[in-house]
Amino acid sequence: MKKHTIVALVQDRPGVLSRVVGLIRRRGYNIESLAVGHSETPGVSRMTIVVEWEDVEQVVKQLYRLIEVLKVSDVTNDPIVEREMALMKLHAPPSKRPEIVALTEVFDAKIVDVGANTMVIEMTGSPAKVQNFVDVIRPYGIKEMMRTGRIAMVRGARGHNAEEYVENANGHAERVPVMN
Amino acid sequence: MSEKRTGAQVMCEALIRNGVEVMFGIPGGAIMPFYHAMWEYRDKLRHVLCRHEQGAGHAAEGYARATGRLGVCIGTSGPGATNLVTPIADAMMDSVPLLAITGQVASHVLGKDAFQETDITGITMPITKHNYLVKRAEDLPYVFEEAIYIATTGRPGPVLIDVTKDAQQATIVPDWNIKLDLPGYKPNYRPNLKQVREAIKLILSAKKPLIIAGHGIIMSGAVEELRAFAERTRIPVITTLHGIGAFPEDHPLSIGMPGMHGWVHVNRAIQECDVLFNIGGRFDDRVTGKASTFAPNAKVIHVDIDPSEIGKNVKVTVPIVADARLALQAFLNEFPPDNEAFAELHGHASDWMEHIREMQAKHQPKQQYLNRADTENMSLPPHDVYAALTKALNSRGNYRVVTDVGQHQMWAAQLIDWYRPRTHITSGGAGTMGFAVPAALGVAIAHPNDTVWVICGDGGFQMTNQEMATIVQEGIKNIKIAVINNGYLGMVRQWQELFENKRYSGTPLSGPDFAKLAEAYYWKGITVEHTSQVEAAIEEAYATDGPVLIDFRVEREVNVFPMVPQNKSISEMILESPHRS
């Protein structure tokens, strides 16, 4: 099975996340990461879902069956920018701090909190780079870590503006009378 | 200006505005305000009180399947709602336009494990086309409009609306000026003409073409178009279980049902064909058998209104996402005008049909009437019931047949002659035992002038026969039940006989005296134990002005053949029990 990154535009209604997740759960797939937030258009959210799955085409089609799903793209093979953020609370006694500070500088991470024996570091970057930093920093002792899951955007002019999916929605589909 | 209304009144008015005339349900605490309101609308909105919410759901399905209109069922919160789960799942599998309305506990106690609280929107999320939790009366006009639109358009399906008690009770001035906002729901009805032309090219070049006609033909009302298409091309027509009635079986181009219990000649034809035109069928695994071995030589043209069905089970050469009727109309319009272009196809098709008919002549008669030698010692082979029933249906006309799930269902599909759409009503995709009796209630209300025959096994019958009381209370007289009673969960027993060394684990089944049970429900009950009594019993059922049950105590261990074992290729058919030779 191959890891796929799916980007979906969905209407911001109660239950929509549950529906999307349910459809993936139904097949017994484990979601590696999922990030949801507002898109550029009010009332529309954008999701990035990373799952290892076979027959991804079929899953995409079934996602379209959900009433609130506007657009689904499998961007796995597209040129994309991917980002993830991690917050890490480290065990950082004064003696270790210079090394940690040096490492955060190398990785372009940020120290956002310093306590008596702790430091909180914010790391943003490509998922590979974030992982790399986590691996390097782990020996110092991570007390807590939280990762946002990745978000992805197609490079260049391609991609989908949420506006067009909402604007196209004016007159809804025709009703074809059934004759019997 | 609109006047003030309670939420419950708004619900009634929304239904009436959308043409709903009948609802099936059972009241309870959380749905009481709706029941209180529907009393005021009772001359426009008929309520049928069922004995179990599952019965209400199947009755609504029966109504919908028999008419193409929306079926409506109602339950209260908690168990009332969960009892609707089976019919909702059934409607989802078979694309039935169903609206389930459930009461919910008051919004201020939602999520607090209140009395009879169940998260029914959560439960039904994967088995509905869409569902709603409504907490404000103001939202009711829009939600009902949108829900009914979704249930009845595109690929139809079940929609559930869960309404909190306080939303039903609140008083509002409803805003009926509704403009649907569904940017993510735009069913595609009209076919892409380029694809249609591509498909025509494929069809005209075929030597062994076949049409599979599915449920979509009936749902879209494409029966006339299918007939015109078949006659123009002279391609043999297969009808799936849900396609039964889409094409008359006495038509020279009709060859019958495919799949697990399809005819030998039909499955062999599929395996030999070079172009397979599936219109409105979804290549269910009961049709394809092991999908990777299905129609190995065929280029497939697949017309379906649901894009997610295309390529799901079978590889498709020309996909066409469209309404079946509009697609067939497009084909008829795009066909070359003269018959010249068809000459070659017609030649091939006629040779091909001859070949199929030869296979049919060799295999079908034996299975259609059982091997008489096998039946010599049987006092009542089930096939004799079907022969007599077929005769009665054909001579009297105006019938609907509702079947349950199992052996009797397959025999009905195989042995009765089917001519018209919506005359064969059954639970296909979900295979819901207990479907038939309550579904017949809905069918009988939809078609009061037809005789509605229920054919069911003794297993399925015992799951939902309480609706016999509903039928009497509603004064429904046009239902006749034929129980094909073999004292087993017969289809499971058949699998145990054929594949599990006759270990009849959990399949022998006793029951009450069904005729006496019927009498207890104020029905007429008849018991038949011998072939010689069958015709008279059916005559008596017709002659009786009221519901009748006939308990046909058939030979216990008769199997349905042909049969394709599960997940085998449809080339591997079992034609008779191995112990007979």
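These numbers come from the heavy atoms of this one structure, side chains and all, not from hydrogens, waters or symmetry mates. Sequence lines set the chain letters: A, B, ... in the order given, protein chains first and strands last, and positions in each chain run from 1.
Residue R155(B) touches chain A through its side chain alone, counting heavy-atom pairs closer than 4.5 Å. For L133(B), no part lies near chain A; criterion is any non-hydrogen pair under 4.5 Å. Of the atoms belonging to L66(A), it is backbone heavy atoms, and not side-chain ones, that fall under 4.5 Å from chain B. Looking at N131(B), the atoms closer than 4.5 Å to chain A (heavy atoms on both sides) sit in the backbone and in the side chain alike.
P126(B) places none of its side-chain heavy atoms less than 4.5 Å from the side chain of R26(A).
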For this session: Just do the side chain to side chain contact (heavy atoms under 4.5 Å, CB included) check on D181(B) and Q11(A) with the steps written out, would you?
Result: CA-CA 11 Å; D181(B) 175 31; Q11(A) 276 182 290; 4.1 Å; yes

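Within 6.0 Å of NZ on K129(A) lie more than 12 heavy atoms contributed by other residues, nucleotides or ligands. The local environment of CE in M153(A) is sparse, with at most 12 non-hydrogen atoms from other residues, nucleotides or ligands closer than 6.0 Å. Annotation for E57(A): atom CD does not count as buried by contact number, only 12 or fewer foreign heavy atoms lying within 6.0 Å. Residue E224(B) qualifies as open at atom CD: its count of foreign heavy atoms under 6.0 Å is 12 or below. Open room surrounds CD1 on I151(A); 12 or fewer heavy atoms of other groups in view lie less than 6.0 Å from it.
Among all heavy-atom pairs drawn from Q58(A) and S308(B), the shortest one is NE2-O, 2.8 Å. Between R13(A) and L182(B), the closest heavy-atom pair is NH2-CD2, 4.5 Å.
Residues satisfying the side-chain contact (heavy atoms from CB on, under 4.5 Å) test with P79(A), not counting sequence neighbours, are R155(A), R158(A).
Atom CZ of R65(A) is separated from atom CD of E309(B) by 6.0 Å, given to the nearest 0.5 angstrom. To the nearest 0.5 Å, atom OH of residue Y132(B) and atom CD1 of residue I67(A) are 7.0 Å apart.
Remark: E68(A) does not engage K129(B) in a salt bridge, criterion side-chain N to carboxylate O under 4.0 Å.
In terms of heavy-atom pairs under 4.5 Å with chain B, the best-connected choice from Q62(A), K61(A), R19(A), K71(A) is R19(A).
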